[in-house]
Trainee: 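The structure that follows is given in the form of C-alpha cells.
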Amino acid sequence: MPKDEAMKRLEEKIKSCRKCPLGQLRTNAVPGSGSYDAGIMFVGEAPGYWEDQKGLPFVGRAGRILDELLEEIGLKREEVYITNIVKCRPPGNRDPSEEEIRACSPYLDMQIDIIRPRIIVPLGRHSMGYILRKFGFEPEPISRIHGKVFEARTLFGRILIVPVYHPAVALYKPALKEELRRDFRNIRALLGV
C-alpha cells in the first residue's frame, strides 16, 4: 500500500480511537503532520491545549520554538514529520500515564513503520524513554544523554535516535535553549551521513 494511503487510513483510526479515557475528553485527536517521506521524525509526548484545539502537533508556544530551531538548521515543518506518543491531550497538560502510552503507542509504531525515518528525535523525557526502550536501549536522565546518538537496526535499515530536551524547556529554563540549538545543529549534520 502506498505511504500516503497507509498514513491516511492510520490517521482516520487515530481520529476515531476510544482505547483510553482521553478519547472521550479531547476536542481533536492529533495524529501528526508533515512529510510522509521525511528522513527525520520528531516525537513529543502528548498534545497540549492548542494542539487539542487545532488537531495539529506543536502549534502552541513550544511549537514556535520548534519551528525556530528547525529554521535555524535549514528545515521546514513540511519536510519533517512531527507527532507525539499519545495522540490526545491529557487533562491539564499532565504527563501521559503508562496506560495511555500503552494504548496509544501502537499508532506511533505504525507511523515509524510507514514513514521509515532515518533519524528519530524524541522531544523530552517521556518520548525519549519510550523510543529508547522500543529500540532496545536503557534510558538515562535526559540531562545526561540529550544530543547523544543511538544507532538501531530495523527490518528496513538503520535508524539514528537523538534525544533532545522538549522545546518547552526554553520557556521555563531559557539557559537550556543553547543546548537545544547545539543538539539541533548536530542533528542537521547527521542528515548528510
Side-chain angles (χ1 to χ4, degrees), residues 1-70 75-117 119-135 159 161 163-169 171:
M1 178 184 308
K3 279 185 180 187
D4 284 8
E5 188 179 334
M7 283 297 284
K8 295 288 183 206
R9 284 186 184 184
L10 180 55
E11 287 167 0
E12 289 308 312
K13 261 189 189 174
I14 292 168
K15 289 176 184 177
S16 63
C17 180
R18 299 284 189 264
K19 291 197 296 186
C20 79
L22 296 181
Q24 313 300 322
L25 304 172
R26 69 178 181 230
T27 304
N28 287 293
V30 184
S33 69
S35 171
Y36 300 151
D37 293 313
I40 185 166
M41 177 185 274
F42 292 89
V43 181
E45 53 194 43
Y49 174 81
W50 288 111
E51 291 76 16
D52 179 59
Q53 294 298 304
K54 297 181 180 186
L56 294 167
F58 283 87
V59 292
R61 290 170 46 196
R64 286 192 289 279
I65 292 168
L66 179 59
D67 289 344
E68 180 185 321
L69 292 164
L70 289 171
L75 291 173
K76 295 184 177 111
R77 195 179 258 261
E78 304 79 45
E79 297 174 294
V80 301
Y81 193 79
I82 304 170
T83 191
N84 289 294
I85 299 173
V86 173
K87 311 301 186 188
C88 298
R89 178 185 183 225
N93 287 352
R94 66 163 167 73
D95 292 341
S97 71
E98 285 303 315
E99 173 196 350
E100 292 157 357
I101 291 172
R102 258 192 316 278
C104 214
S105 58
Y107 295 132
L108 174 61
D109 295 345
M110 287 184 262
Q111 289 172 317
I112 292 168
D113 289 346
I114 293 168
I115 293 173
R116 298 182 177 188
I119 301 171
I120 298 176
V121 181
L123 301 167
R125 64 187 170 91
H126 290 287
S127 56
M128 174 206 66
Y130 177 78
I131 294 290
L132 287 179
R133 283 186 195 97
K134 171 182 172 52
F135 289 100
I159 289 183
I161 302 161
V164 301
Y165 287 114
H166 193 285
V169 77
L171 299 169

Trainee: Run the salt bridge (charged side-chain N to carboxylate O under 4.0 Å, His left out) test against Asp113 and tell me which residues pass, sequence neighbours left out.
Mentor: none
Trainee: Who pairs with Tyr36 by ring-ring contact (aromatic ring centres under 6.0 Å, His included), at least two apart in sequence or on another chain?
Mentor: none
Trainee: Sequence neighbours left out, what passes side-chain hydrogen bond (donor to acceptor under 3.5 Å, both in side chains) with Arg26? Give chain and number order.
Mentor: none
Trainee: Can you list the residues that meet the side-chain hydrogen bond (donor to acceptor under 3.5 Å, both in side chains) rule with Asn84, with sequence neighbours excluded?
Mentor: none
Trainee: Rounded to the nearest 0.5 Å, what separation is found between the NE2 atom of His126 and the CD atom of Glu100?
Mentor: 11.0 Å
Trainee: Please test Ile65 against Val169 for side-chain contact (heavy atoms from CB on, under 4.5 Å), starting from the C-alpha separation and ending with a verdict.
Mentor: CA-CA 10 Å; Ile65 292 168; Val169 77; over 6 Å; no
Trainee: Report the distance from atom CE of Met1 to atom CD1 of Ile114, rounding to the nearest 0.5 Å.
Mentor: 8.0 Å
Trainee: Measure the spacing between NZ of Lys13 and NZ of Lys19 and express it to the nearest 0.5 Å.
Mentor: 8.5 Å
Trainee: For Arg116, enumerate each residue passing the salt bridge (charged side-chain N to carboxylate O under 4.0 Å, His left out) test, keeping only those at least two apart in sequence or located in another chain.
Mentor: none
Trainee: Tell me, with the steps shown, if Asp52 and Val30 meet side-chain contact (heavy atoms from CB on, under 4.5 Å).
Mentor: CA-CA 7 Å; Asp52 179 59; Val30 184; 5.5 Å; no
Trainee: Identify, with sequence neighbours excluded, every residue that meets side-chain hydrogen bond (donor to acceptor under 3.5 Å, both in side chains) alongside Lys134.
Mentor: Asp109
Trainee: Would you please name every residue forming a salt bridge (charged side-chain N to carboxylate O under 4.0 Å, His left out) with Glu79, sequence neighbours left out?
Mentor: none
Trainee: Return the set of residues passing side-chain contact (heavy atoms from CB on, under 4.5 Å) with Leu56 (not counting sequence neighbours), or none when no residue passes.
Mentor: Ser33, Val59
Trainee: Going by side-chain contact (heavy atoms from CB on, under 4.5 Å), name the residues that satisfy it together with Arg102, two or more places apart in sequence or in a different chain.
Mentor: Glu98, Glu99
Trainee: Just verifying a value: how many Å separate Leu108 CG and Ser127 OG, rounded to the nearest 0.5 Å?
Mentor: 9.0 Å
Trainee: Return the minimal non-hydrogen interatomic distance between Thr27 and Gln53, and the atom names on each side.
Mentor: OG1-NE2, 3.6 Å
Trainee: Under the ring-ring contact (aromatic ring centres under 6.0 Å, His included) test, which residues partner Tyr107, sequence neighbours left out?
Mentor: none
Trainee: What heavy-atom pair brings Thr83 and Pro31 nearest, and what distance separates the two atoms?
Mentor: OG1-O, 2.7 Å
Trainee: Please round to the nearest 0.5 Å and tell me the distance separating atom CD1 of Ile161 and atom CZ of Phe135.
Mentor: 5.0 Å
Trainee: Tell me if a side-chain donor or acceptor on Ser105 pairs with a main-chain N or O of Ile85 at a distance below 3.5 Å.
Mentor: no
Trainee: Go through Ile131 and Ile112 one step at a time and tell me if the side-chain contact (heavy atoms from CB on, under 4.5 Å) criterion holds.
Mentor: CA-CA 11 Å; Ile131 294 290; Ile112 292 168; 4.1 Å; yes
Trainee: For the atom pair CD (Glu11) and CD1 (Ile14), what is the distance rounded to the nearest 0.5 Å?
Mentor: 6.5 Å
Trainee: Which of these, Lys76, Arg61, Arg77, sits in a salt bridge (Lys or Arg N to Asp or Glu O under 4.0 Å) with Asp67?
Mentor: Arg77
Trainee: Does Arg89 use its side chain to pair, donor to acceptor, with the backbone of Pro47 at less than 3.5 Å?
Mentor: no
Trainee: Strictly by ring pair (Phe, Tyr, Trp, His ring centres under 6.0 Å), give each pair with a member in residues 40-64 just once, sequence neighbours left out.
Mentor: Phe42-Phe184, Phe58-His166
Trainee: Less than 4.0 angstrom from a charged side-chain N to a carboxylate O is my criterion; do Arg9 and Glu5 meet it?
Mentor: yes
Trainee: Answer yes or no: is there a side-chain heavy-atom contact under 4.5 Å between Pro122 and Leu132?
Mentor: no
Trainee: Any idea which heavy atoms bring Ala103 and Pro106 closest together, and the distance?
Mentor: O-CD, 3.6 Å
Trainee: Are any side-chain N or O atoms of Glu51 and backbone N or O atoms of Gly60, one a donor and one an acceptor, separated by less than 3.5 Å?
Mentor: yes
Trainee: Could you tell me which residues satisfy salt bridge (charged side-chain N to carboxylate O under 4.0 Å, His left out) with Lys3, sequence neighbours excluded, listed by chain and number?
Mentor: Asp37
